[in-house]
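Below you'll find the structure, written out as structure tokens, and then a few comments.
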Amino acid sequence: RCFLHIFKPEVAPQIYSKGDSSADVCAVLVQACQLVPLDQEHLVSKVCQLIHHLLNRYQVMVDEQNLNFLLSYCISALRQCSSWTHVEILQALAALVYNNGPKCQKYLPDLLGTAGLLLQFSDPAQPDVELRRAAVRSMANLCLSVPGQPYLDESYRSVCFQTFLSVLQSSKTTDVDDITFCMLLQSALKGVQSLLNGGKMKLMQIDQIGALLAVLKKCMFHGLPGLSIEVPTALYPAPLPQYDKRSPVKQEQSEPATSKQTGSRRKKCKGKQKKGEFGEEGREDSRDAGDESVLGADMQKLHLGDVQGSPCPDPRPRVSDVCAGRDPPSCQPCKRFSSSESEYSDTEGGIQGKVRSYQANVRQGALACFLSTIKSIEKRVLYGYWSAFVPDAPGIGSPQSVSLMTIALKDPSPKTRACALQALSAFLEGSKQFLSVAEDANDHKRAFTPFSVTIASSIRELHRCLLLALVAESSSQTLTQIVKCLANLVSNAPYSRLKPGLLTRVWNQIKPYISHKDVNVRVSSLTLLGAIISVQAPLPEVQLLLQQPSSSGLSGSGSATPGREQWRKAVPWAGERESPQGSPAGCAPPEPCWLLRLCVSLIVLPREDSCSDSDTAFPALGSVYEPCPLRLEALQGDQQILCVTLLLGLNHSENPLVKAAAARALGVYILFPCLRQDVMFVADTANAILNSLHDKSPNVRAKAAWSLGNLTDTLIINMETMGQSFQEELSDLLLLKLLRSATEASKDRDKVKSNAVRALGNVLHFLQPCHVANPRFREAIEESLQALIATVGSEATMKVRWNACYALGNVFKNPALPLGEAPWATQAFSALSSVVKSCKNFKVRIKSAMALSIPSRRECYGSTEQFCQIWSALVVALQRSEDTEDFLEFKYSSSLRSQLCQALLHLLQLARSTDLPLIGSSLREHGQAIRPYVLQYLSSPGQESEAGAHTDLAERERGLQGSPGEQDCPSGHAFLCHPREKGAHASPGGSSGSPGAQTGISV
């Protein structure tokens, strides 16, 4: 108690050291609460400060028993202590409930009930804003989800959502300081994001959607220099922007001040650009200082007549159209490049810099929340709000509406700009159907503007703004997001219905970035070029672009990698080895496409040193054909050992970024044949990955799960190539650890789960009869199978469910598992049958149909009833193979039908005589509906299935010859081959030996 009297956060390191366990810290906190009665309010405040500081700073995990005691103490303190202690108590409460929401279920009525404490303190009428902020933060922490644990009930979710919404709709009063108000908004935004992400909350009501989008749009521009907008309480679907109103007084006042400061600080801030980007919050924006000098030179390139370097359809760079809605001189930079607007750029620093940092955090939180909102709204509903977030060309005499591109062009923080571009990219993803109505190929001279022309104008404005952002950006991370956003736009825009020229500007502007110093920019640039040449209905414009000279647009870039021109000489082409003797004078053989040459060179050339200033960094041309994946194997043995040792050591780093990178690198190393066949390396890698799989960082766990999937893939490869010797050398204890850890990881968040279930399928496929019979394995096998079955039928992402279906297919390949007898087999077949009929994602249906066709023996399918249930599910799935609400899935319908037909014929081939009556009954009922699909499958040429298996017509017919013959079931076979039902007719050819007759599809 004496210590608590003098406690300050600065002395916390004396209480907690790295060697202390969470249990020890919890015991200290419980003992402190037991020593301090609630009537000694000063000590209660000190205890709560101790709880808040230790749990927040040192991330101590509280077990359920101690959590219950500490929560009860805090709730009682809120009810009995004076109001001056409530802020400290709520801070302790927020730290306790963080990531412990599922363990707090019995306290929810006290906190979120009708007269709940958090509702009282977060009420809009609450005069103490600091108290209100602490209550909202506690509520937001309660809304955090824990993978595999139950979430808040719908009633509590609704209460929290309305509370967060009311906070975001509130305005700052004069007695509230800017930083406190920003922290209040941040807590509310995090709460909404947690509800959307963790609770799988689906926004359905228009009023609810409109109110949320309105406050998010307002917060996106919170504190943005030189801009002040007014947004109504709700947005509604509309084809034109009509909601945001600018405050001209504030804008006019802020702009002259900015222009005065523009030139004075340019040189002073220029050196800051060399520092690392994307540091701690509030520091990342000091790296923008060099933008202005880059912009002044690069803006001169944006002229219409310059085909090779022009990305802009307007001879003026018109940044102001997006930034401020007025027309300045053509080379005036966007306001965000004024060094006076950068955070912490003023000499005195102090409170203004801190305020700008918190305002940037609010904008980032709003954009992150908007990204979660996009994923929670159906696309057809979302695009009703297109005009509120996507720019449109301004009308004559009117300023341009503010949009996500306003932030991407104007915000001083590179992190905020990247967030805006990420949200815009998600907004554009899957917009092909919506944008397909756009058309401006013909000049429209009407009294009104058609909706198709409005959308076309918006597409053009998106191209213009993104290309301006591309020229102006200096942050590599943000630059990568711009290029990715352009790639999404190119993939969805209907260029065949638009005036030509857009792709040419994108193409010519992106070419210099192919040799950018940052590898992520180079990769995304190649992705964008791939999207351009993949545009549907190949356009003459794209063909002309591919015929451009190889040097076009690749010179003059200050960020080009030295020596990049070597790829033109390094890769010989058949057409260049010798000139045709009979070719006319002056005619050279056609030069291969420069992009094709570049891509081939990137594959076969060794990695270049982008920091070198001379060509001496390049190896001799004799080694240019060595593929990159072989370079590790080319190292000496001691060098390989050094690399492996370093990675295994770094896997225990306390830095989560280093640990995540090390875990991923191990997942790459395990794929090399020279390492994967080494049992000791496999064991060391497995133990290292399992250690990372239990890390508290979600990013580390996600990378470790990916590596675990790769490691278990190598187990299957080694089993098939090395045989039983490898299986015997691998430790049974390690296999058991792999099985249990993968099962536990399958309950984690989706990014971890998708690879965890893949690993489970591989390990279950790898198990031998001795493992299946071992009592130590029996419980782990049962739990892992139940986890797979639950994942197949869950509401997880489609990638997770696809991997779960793939994993069950792997399980079915293991003959050691009692597939036809075990109770779990019935559940597995039932889950796959349900998915193959009703999953909205066709690729998941294809994978489930493939899994159902994997067992090679009839007894694996169990009883006649179960066998026929699977048959019926496949028949129904075949009938529904064209039913989809998402037109993007339609392109997979043909593959789905082929896989379903293959599965049906596989079952027919294995069918017993006792199965045929039920099969015949199914065919009498559904034969006419599925007959065209099966006949088309039987008559189609050989094709490669999703699994990579090539099947041709002869192979299918040979498979059908194994179907039940007349000697097995005379009546059934006669029915299948000679149907006598009313309306039945023979299949083409009239022969009972034809594929159609053998299957009985002629019914």
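Scope of the values below: all heavy atoms of this structure, side chains included, with no hydrogens, waters or symmetry mates.
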Can you find a pair of side-chain heavy atoms, one from Phe777 and one from Leu735, that are under 4.5 Å apart? yes

Approximate separation, where rounding is to 0.5 Å, of Arg912 CZ and Ile919 CD1: 12.0 Å

Answer yes when Asp750 and Lys799 have at least one side-chain N-carboxylate O distance shorter than 4.0 Å, and no when they do not. no

Taking all non-hydrogen atoms of both residues, which atom of Arg778 and which atom of Ala773 are closest, and how far apart? NH2-O, 3.1 Å

Under a 3.5 Å cutoff, is there a donor and acceptor pairing between the side chains of Gln768 and Glu728? no

Please answer whether the main-chain N or O of Ser830 pairs with a side-chain N or O of Ser834 as donor and acceptor at a distance below 3.5 Å. no

So, Thr712 side chain and Gly709 main chain: donor-acceptor pair closer than 3.5 Å or not? yes

Side chains of Asn814 and Leu767, heavy atoms from C-beta outward: is any pair under 4.5 Å? yes

Side chain proximity check, Thr685 to Leu675, heavy atoms < 4.5 angstrom: no

Asn488 side chain to Leu428 backbone, donor-acceptor under 3.5 Å: no

Is any side-chain heavy atom of Leu788 closer than 4.5 Å to a side-chain heavy atom of Ser746? no

Looking only at side-chain N and O atoms, does Ser833 offer a donor or acceptor that is under 3.5 Å from a partner on Gln869? no

Please report the closest heavy-atom contact between Ser863 and Arg858, naming both atoms and the distance. O-NH2, 3.5 Å

Parallel, tilted or perpendicular, as decided by the 30° and 60° cut-offs, for the rings of Tyr669 and Phe672: perpendicular

For the NE2 atom of His771 and the CG atom of Leu739, what is their distance to the nearest 0.5 Å? 10.5 Å

May I ask you to decide if the ring planes of Phe829 and Tyr861 are parallel, tilted or perpendicular, using 30° and 60° as cut-offs? parallel

Taking Leu918's backbone N and O only, do any of them form a donor-acceptor pair with Ser922's side chain (distance below 3.5 Å, no angle check)? no

Hey, does the side chain of Asn710 reach the backbone of Gly667 with a donor-acceptor pair shorter than 3.5 angstrom? yes

Residues Pro818 and Val772: closest non-hydrogen pair is CD-CG1, 4.4 Å

Does any N or O in the side chain of Ser707 come within less than 3.5 Å of the main-chain N or O of Ala663, such that one atom is a donor and the other an acceptor? yes

Does the His906 side chain pair with the main chain of Pro855, one donor and one acceptor, at a distance under 3.5 Å? yes

For Thr791, enumerate each residue passing the side chain to side chain contact (heavy atoms under 4.5 Å, CB included) test, keeping only those at least two apart in sequence or located in another chain. Lys753, Val757, Ser794, Val800, Ala804

I need the minimum non-hydrogen distance between Ala851 and Phe812, along with the two atoms involved. O-CD1, 3.2 Å

To the nearest 0.5 Å, how far apart are OG1 in Thr826 and CD in Glu865? 9.5 Å

Let's go through Lys379 and Phe434 carefully: what are the C-alpha distance in whole Å and the side-chain angles of both, what is the deciding distance for side-chain contact (heavy atoms from CB on, under 4.5 Å) to 0.1 Å, and is it a yes or a no? CA-CA 9 Å; Lys379 289 291 187 181; Phe434 174 74; over 6 Å; no

Side chain proximity check, Gln786 to Trp824, heavy atoms < 4.5 angstrom: yes

Asn803 and Asn755 side chains, donor-acceptor separation under 3.5 Å: no

Flag this pair as yes if the NZ/CZ of Arg676 is under 6.0 angstrom from the six-membered ring centre of Phe681 and inside a 45 degree cone about the axis; otherwise no. no

The test is side-chain contact (heavy atoms from CB on, under 4.5 Å); show your working for Asn197 and Ser145 and say whether it passes. CA-CA 8 Å; Asn197 290 346; Ser145 66; over 6 Å; no

Indicate yes or no: at least one non-hydrogen side-chain atom of Asp748 is less than 4.5 angstrom from one of Leu693. no

Main chain of Ser894, side chain of Ser898: is a donor-acceptor contact present, judged purely on distance under 3.5 Å? yes

Looking only at heavy atoms, what is the nearest atom pair of Ser784 and Thr743, with distance? CB-OG1, 3.3 Å

Please examine the side chains of Lys813 and Ile854, heavy atoms only from C-beta on, and report whether any two atoms are closer than 4.5 Å. yes

Closest heavy-atom pair, Val752 versus Pro698, reported as atoms and distance to 0.1 Å, is CG2-O, 4.5 Å

Straight-line distance of Leu760 CG to Glu783 CD, nearest 0.5 Å: 11.0 Å

Non-hydrogen side-chain atoms of Arg845 and Arg880 separated by less than 4.5 Å: yes

Checking Asp732 against Asn774: is there a side-chain donor and acceptor pair closer than 3.5 Å? no

Taking atom OG of Ser848 and atom CG of Asn841, what is their separation to the nearest 0.5 Å? 10.0 Å

Please report the interatomic distance CG(Leu736) to CD(Glu779), rounded to the nearest 0.5 Å. 10.0 Å

Test log, rule side-chain contact (heavy atoms from CB on, under 4.5 Å), inputs Leu896 and Leu878: CA-CA 8 Å; Leu896 174 60; Leu878 188 56; over 6 Å; no

Has the side chain of Ser741 got a donor or acceptor atom that lies under 3.5 Å from a matching backbone atom of Leu738? no

After noting the C-alpha distance and the side-chain angles of Gln677 and Asn718, does the key distance pass the side-chain contact (heavy atoms from CB on, under 4.5 Å) rule? CA-CA 7 Å; Gln677 296 174 1; Asn718 289 342; 4.0 Å; yes

